[in-house]
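Throughout, protein chains are lettered first and strands after them, A, B, ... in sequence-line order, and every chain is numbered starting at 1.
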Amino acid sequence: MKYESQRVAMPYFIFALILFAGQIVFGLILGLQYVVGDFLFPEIPFNVARMVHTNLLIVWLLFGFMGATYYMVPEESQTELHSPLLAWILFWVFAVAGTLTILGYLFVDYATLADITMNRLLPTMGREFLEQPTITKIGIAVVVVAFIYNIGMTALKGRKTVVNIVLITGLLGLGGLWLFSFYNPSNLATDKYFWWFVVHLWVEGVWELIMGAILAYVLIKLTGVDREVIEKWLYVIIAMALITGIIGTGHHFFWIGPPEYWLWLGSVFSALEPLPFFMMVVFAFNMINRRRRNHPNKAALLWAMGTTVMAFLGAGVWGFLHTLAPVNWYTHGSQITAAHGHMAFYGAYVMIVLTIISYAMPIMRGRPYGNGNTAQVVEMWGFWLMTISMVFITLFLTAAGVLQVWLQRIPESGEALSFMAGQDQIAIFYWMRFVAGAFFMAGLVVYLGSFFIKGEASPAEEVRGPATADA
Amino acid sequence: MAERFTKSMARNIYLGGSVFFVLLFLALTLDTQLRAMPERDNREQLTEDVVRGKHLWEENNCVGCHSIMGEGAYFAPELANVFDRRGGGDTEVFKSYMKAWMNAMPTNVPGRRQMPNFNLTDEEIEDLAAFLEWTSKIDDNDWPPNIEG
């Protein structure tokens, strides 16, 4: 850690991991409710648990992105953060607002929550992933604007690197597109169209810029490869992400009202969306092969490789499986969608945040070359347990989805099973998914446990001449 | 990557590519929203009842369990075509079905998925029914494949 103000990333990372644990607890509740329908009913109905599960995910990833940014930008700019105090204030504002919102979901009936937060004045609630009360949405907007101001001021006064430019472009996109969460026309078809401007253009657009920037930064640090090479790769990857992903939004417009030309545009462009993820795999492994140093933080390197592979599988391969319109006509809104969503979010965004945490946390804790061997071995156990569990969660949900489509979608009306009759037939896969989820939880406990193990690694060993000054 | 392919070439592909596709996306959005959607989304039938029904749909977080036009949660049945599935395409039949259904919740059958009772008035249930009926008439390229959703 070269600048003292980078340390403000620490509370963001710690709080992100706490929320991550909460997300998984609610994931297990949901998984059980799929097979024991009245589990925790009426105390925590499915819709409440799901809202907590998905909103915790979004919020902890935002905490992770913010922590990553506070860590990376001063070092890239070669200057202290513009205002560490503002970063701390925003941390508490966001943490308190986020916690209150989650508690509101859990302890206040949703319609009452809508009522007391005056949703009628500017109705934005009750849409998937955007369930937050309008006041919380305004809070998120304010926090993001102040955060970007703090980061922007830092970046402007220091060295301009491609990593910083791409990261900040991604964050500006994140903030700008969030404004669409306030647009909720009474025409459902229009509402849905612009809802995707937040949801798709975040996760299949600007978040890929953030992911690419974090990955590039960590690879510079871990491999010592020249920045010029890494930045060129980064540009090509994000170019592919936006060239395919923007029109790729069309794969969501197939069945919600927009005209038929989206069937073609959405199919063709989203079929290309795996490309940037494939390039990230090639990029990471290539840079590691060309490394100029053996960095002792092997765990961080494992996360960096893992995130590219899992993002490619989850976002790329599992996305492609059901993105062509003739396939999607059958699979849209089935468990196949859920399978894709789980592995894509885990592979791309959970793992990239855990990558930067794995790299930066030891440094902030006074272990400049990473944790000691025992802590790293335990962390890598956490990596494999969570990752393999997620592979199985995805496989079981895919099996459930294929059967669901077979029973409920493919037969003619009259022959097809009803939704609930179909669900009963595939319960075995939901049970197996629940077991895989329990293993994921075990992996998370192991992973979190690794933070409590003492000891640090010794300095990096150079393999091909000294690494660049950046590394 | 060959050395002839420089970083500034990569940057230009990124900048040029993203600007081009952002503009194309905006143009397509204009065409979709201004030209195509008025013909497809059944907006002339979008009455006050439908608007109130959409608010009820949102304020009770229906999408937390159900999907509508395939979007939402996958815990409970698709509802964009429930007007055809349960109402047989008849407004009055659907309204009475909705009242009977909503008031019978939760079933409290042990082990079965439970839908809460949202304590809606008869008028509110009619608004919700109007919203679902209106939604069922959006031209969605003939999705879902069959009546089961």
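- For B/Phe118, no part sits under 4.5 Å from any heavy atom of chain A, backbone or side chain.
- Closest non-hydrogen pair, A/Pro123 versus B/His55, comes out as CG-CE1, 3.5 Å.
- Using a 4.5 Å cut-off between heavy atoms, B/Ile68 contacts chain A through both its backbone and its side chain.
- For A/Leu263, the part lying near chain B is the side chain, with the backbone staying farther off; criterion is any non-hydrogen pair under 4.5 Å.
- A/Arg409 and B/Trp143 make their closest contact through NH2-CZ2, 3.5 Å (heavy atoms, listed as atom of the first residue, atom of the second, distance).
- Looking only at atom types and distance, the side chain of A/Asn187 has no donor-acceptor partner in the side chain of B/Lys54 under 3.5 Å away.
- When all heavy atoms of A/Met420 and B/Arg113 are compared, the pair lying nearest together is CE-CD, 3.9 Å.
- Taking every heavy atom of both residues into account, A/Trp329 and B/Asp142 meet most closely at NE1-O, 3.0 Å.
- No hydrogens or angles considered: nothing links the side chains of B/Asn146 and A/Glu415 as a donor-acceptor pair under 3.5 Å.
- Contact check on B/Glu59 versus A/Arg120 returns a salt bridge, with a Lys/Arg side-chain nitrogen under 4.0 Å from an Asp/Glu carboxylate oxygen.
- Ranked by heavy-atom pairs under 4.5 Å with chain B, the first of A/Glu228, A/Glu131, A/Arg127 is A/Glu228.
- With respect to B/Arg112 and A/Asp424, a salt bridge is recorded, a charged nitrogen being found less than 4.0 Å from a carboxylate O.
- If you measure heavy-atom distances from A/Leu40 to chain B, you find no contacts under 4.5 Å at all.
- Proximity to chain A (any heavy atom under 4.5 Å) is shown, for B/Ile13, by both the backbone and the side chain.
- Only the side chain of B/Thr135 comes within contact range of chain A, with at least one heavy atom under 4.5 Å from a heavy atom of that chain.
- Neither the backbone nor the side chain of B/Arg85 comes within less than 4.5 Å of any heavy atom of chain A.
- Contacts of B/Gln33 with chain A are made by side-chain atoms alone, with heavy-atom separations under 4.5 Å and no backbone atom involved.
- Annotation for A/Pro258 and B/Asn141: closest pair O-ND2, 3.7 Å, computed over non-hydrogen atoms.
- The aromatic rings of A/Tyr193 and B/Phe25 sit parallel to each other, their planes meeting at less than 30°, with 60° as the upper class boundary.
- Under 3.5 Å, the side chains of B/Asp31 and A/Tyr261 contain a donor-acceptor pair of N or O atoms.
- With a 4.5 Å cut-off on non-hydrogen atoms, A/Phe39 does not touch chain B at all.
- Here A/Glu128 contributes atom CD and B/Ser67 contributes atom OG; the two are 9.5 Å apart, rounded to the nearest 0.5 Å.
- Of the two parts of B/Val109, only the backbone, made up of N, CA, C and O, holds a non-hydrogen atom closer than 4.5 Å to a non-hydrogen atom of chain A.
- Your options are A/Val36, A/Asp191, A/Leu234, and the one with the most heavy-atom pairs under 4.5 Å with chain B is A/Asp191.
- Ranked by heavy-atom pairs under 4.5 Å with chain B, the first of A/Pro259, A/Gly333, A/Ala239 is A/Pro259.
- Residue contact with chain A, scored on non-hydrogen atoms closer than 4.5 Å, involves the backbone of B/Asp139 exclusively.
- There is no contact between B/Ser8 and chain A, counting heavy-atom distances below 4.5 Å.
- A/Phe197 touches chain B through its side chain: at least one heavy atom from C-beta onward sits under 4.5 Å away, while N, CA, C and O do not.
- Between B/Phe75 and A/Phe46, the ring-plane angle classifies as parallel under the 30° and 60° cut-offs.
- Listed options A/Gln335, A/Gln423, A/Met51 were ranked by heavy-atom pairs under 4.5 angstrom with chain B; first place goes to A/Gln423.
- To the nearest 0.5 angstrom, B/Thr6 atom OG1 is 11.5 Å from A/Tyr235 atom OH.
- Residue B/Arg11 touches chain A through both its backbone and its side chain, counting heavy-atom pairs closer than 4.5 Å.
- Under a cut-off of 6.0 angstrom, the local environment of CD in A/Glu412 is sparse, with at most 12 non-hydrogen atoms contributed by other residues, nucleotides or ligands.
- A/Arg50 approaches B/Val63 most closely through the heavy-atom pair NH1-O, 4.4 Å.
- Rounding to the nearest 0.5 Å places CD of B/Glu71 at 12.5 Å from CH2 of A/Trp255.
- Residue B/Met9: no heavy atom, backbone or side chain, is found under 4.5 Å from chain A.
- Options A/Ile238, A/Leu242, A/Leu265 differ in how many heavy-atom pairs under 4.5 Å they form with chain B, and the most are formed by A/Ile238.
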